[in-house]
Amino acid sequence: MIRFDSMPWPCRVEIDRSLVTLHRLVNHSGQVCIAYPLAEHGELTLRTGTLPERTEPYSLPLELARGTLDRLRNQLCNWRDGGLQITRDVDDATNQAIDALGEAVLIADDFDRQTELAQTAMALSLRGMFALCHQFSGQVAAMRREDVEAITKLGIRVAPDHVPADWLSQLDQEFRYVCVTDRLKPREMPAVERSAGALMHSNAAKQNLKTIVGPIWDAGISGLPDHINDMSHFETKRTAAKQHFVQLLNQIEEQPDWLYVASGLNGIGHKFLSYPQQMQLVIDLLHTVDEFNRQVPVLLSFDHPWSERLAWSVGGAQGLQIADILLRHDVRLNGLALEINLDYWPLGSLPRDPLQWLELIDSWSQFGLPLFLFIRIPTGRLPTEMESDKNNPIRNSFSGPQKWTYVDAVMSLALSRPFVHAVIWNDWQDEPDSPFPLAGLFDAQGQRKPISSLLTKVYRRLAKTPAGSAG
């Protein structure tokens, strides 16, 4: 369940055949979120409307249909009032969804028929939602073609160990940002020896690509080196961490366009740091970066952007709250980023409908800072051995065509929002040992995958420049 600000409540779920009960420590009204499969769209995490607590059970399909249709109608009204030209297919899907939901509400003694009608209303609402978002992004594209250059950029994240030597020549010219993630280690390096990451950064800059270097510290997964984690007192650990950060920053030889300071800031931390300690180290790291160079813009990224983890744990904070706290600490922060690992669980996020993406992006845009989206989704064929693996992290929420329809819609919407500075695809190539398998633009053999062409096609629709030229 989530609050009015989309912050999840910790809940205990009790299931008794067809009755699902959510137990909380509060009795406020809230919205229920659940991954719900529909034949036309795949499994999407949908939301009910706001439900007051009561002893009489709600019909889950009915309330999901009501909540989904309500959000579509509200957005449709807002965009129509703002001058968006709405085509008949959106209005037809909306009106048919209203009719199906109205009929479902009036059925009191046939739950199966009510569920069928509610699912029809959900499917029609989503059909209208996808079409509406395409119309919005299309009309934004028409206006942007009058600009000198596309506002939002497309990018790729690369690591020295995971790309071929000729990676730059394989990169479509629509990709104007390169995020170089080097596995920096605190060590002394002769002046004549350059790291592989430094060479990649230099080569990308020579091709007039915008560059991002980092993250310096992955606060969500890898954390600090073992010898620092083993220290018992936090102040001792904090001093050692500062020295560690200085050693890492010393290895960045050329100034990038952006310095990616820390990733995974979602309140999870890890077993060696409490949440307040993690926040203190982030602030220390930002101050350390300022001592090195106040000219380079800095950004931080937040994992689990919909804060799903807070639904099953007590403690921590929503990413929006963490960003707000950091900005109030008078640290220099020039950009924010969201890590959206779609269709992976539990390390990633379940797919949401396009209007939930719109809400997410617009909420983060309130800070007035450039917003980066680091995105991945499994796009390769699932090996047979993974299908039967209970620890397989891929949810497999879509069929092939459903996945492409979904990615097309949400990427079009993301690239059309003015505060989104860049959309960065998180993986160059499929890596078998990755916690997020099958998410590369290229497969494990280096063959280009359809996702690469789809991203290029979406970007070309929104860019001023014609197909085949640089964005």
Side-chain angles (χ1 to χ4, degrees), residues 149-163 167-168 171 173 175-219 241-265 281-301 326-327 330-337 339 367-374 419-426 428 470-471:
E149 188 178 10
I151 299 172
T152 307
K153 306 298 184 186
L154 192 62
I156 181 67
R157 185 172 175 179
V158 294
D161 298 338
H162 298 150
V163 297
W167 68 276
L168 269 173
L171 189 63
Q173 49 193 340
F175 287 79
R176 308 309 301 163
Y177 257 98
V178 173
C179 176
V180 179
T181 300
D182 200 358
R183 298 191 178 188
L184 300 175
K185 297 179 181 179
R187 57 186 173 85
E188 294 298 326
M189 183 183 299
V192 295
E193 184 183 348
R194 305 187 71 188
S195 71
L199 289 171
M200 293 178 69
H201 170 228
S202 178
N203 291 335
K206 289 176 181 177
Q207 297 294 320
N208 294 319
L209 301 177
K210 297 289 186 180
T211 57
I212 306 169
V213 170
I216 303 302
W217 179 39
D218 183 350
K242 288 181 182 179
Q243 295 172 349
H244 172 73
F245 296 147
V246 168
Q247 290 175 315
L248 297 182
L249 290 166
N250 270 327
Q251 293 185 45
I252 299 176
E253 301 171 21
E254 300 179 38
Q255 179 166 306
D257 293 286
W258 286 85
L259 183 61
Y260 187 1
V261 175
S263 64
L265 298 175
L281 290 190
V282 174
I283 293 170
D284 289 346
L285 177 51
L286 289 169
H287 287 315
T288 303
V289 169
D290 271 353
E291 293 172 3
F292 270 75
N293 186 349
R294 291 191 61 87
Q295 302 302 315
V296 60
V298 297
L299 67 91
L300 305 170
S301 73
L326 289 171
L327 289 168
D330 196 29
V331 294
R332 184 173 65 88
L333 191 54
N334 307 102
L336 300 169
E339 303 169 42
F367 291 111
L369 296 175
L371 183 64
F372 293 75
L373 304 181
F374 287 83
F419 274 102
V420 177
H421 191 75
V423 175
I424 311 294
W425 195 259
N426 237 339
W428 175 274

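All values reported here derive from a predicted model rather than from experimental measurement.
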So, for [X] and [Y], which heavy atoms are closest and what is the spacing to 0.1 Å?
X: V213; Y: L259; result: O-CD1, 3.5 Å
X: P215; Y: R157; result: CD-NH2, 3.4 Å
X: G214; Y: C179; result: O-SG, 3.9 Å
X: I424; Y: I156; result: CG2-C, 3.8 Å
X: A262; Y: L285; result: CB-CD2, 4.4 Å
X: M200; Y: P160; result: SD-CA, 3.5 Å

Which residues satisfy the side-chain contact (heavy atoms from CB on, under 4.5 Å) test with [X], sequence neighbours excluded?
X: Q295; result: Q255, N293
X: D284; result: R238, K242, Q280, L281
X: F419; result: S365

Less than 4.5 Å apart, side chain to side chain, heavy atoms only: is that true for [X] and [Y]?
X: L299; Y: N334; answer: no
X: V289; Y: I216; answer: no
X: L171; Y: L209; answer: yes
X: L300; Y: L286; answer: yes
X: F292; Y: I252; answer: no

- Message: Donor-acceptor check, side chain of T152 to backbone of H421, threshold 3.5 angstrom: yes or no?
- Response: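 Checked: no pair found.
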Give, for atom [atom1] of [X] and atom [atom2] of [Y], the distance between the pair rounded to the nearest 0.5 Å.
X: F374; Y: S263; atom1: CZ; atom2: OG; result: 9.0 Å
X: L373; Y: N426; atom1: CG; atom2: CG; result: 11.0 Å
X: Q173; Y: N208; atom1: CD; atom2: CG; result: 12.5 Å
X: L248; Y: Q243; atom1: CG; atom2: CD; result: 12.0 Å
X: L265; Y: D218; atom1: CG; atom2: CG; result: 9.0 Å

- Query: How would you list, by chain and number, every residue that makes a ring pair (Phe, Tyr, Trp, His ring centres under 6.0 Å) with F175, sequence neighbours excluded?
  - Reply: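 Scan of F175 (ring pair (Phe, Tyr, Trp, His ring centres under 6.0 Å), adjacent residues dropped) gives none.
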- Kindly write out the residues that satisfy ring pair (Phe, Tyr, Trp, His ring centres under 6.0 Å) with W428, not counting sequence neighbours, or none if the list is empty.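 Residues passing ring pair (Phe, Tyr, Trp, His ring centres under 6.0 Å) with W428: F442.
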- F372 and I212: CA distance, side-chain angles, deciding distance, side-chain contact (heavy atoms from CB on, under 4.5 Å) verdict: CA-CA 11 Å; F372 293 75; I212 306 169; 3.9 Å; yes
With sequence neighbours excluded, residues passing side chain to side chain donor-acceptor pair (under 3.5 Å) with [X]:
X: T211; value: H201, D257
X: W258; value: Y177
X: D290; value: R294, R332
X: S301; value: Y260, E339

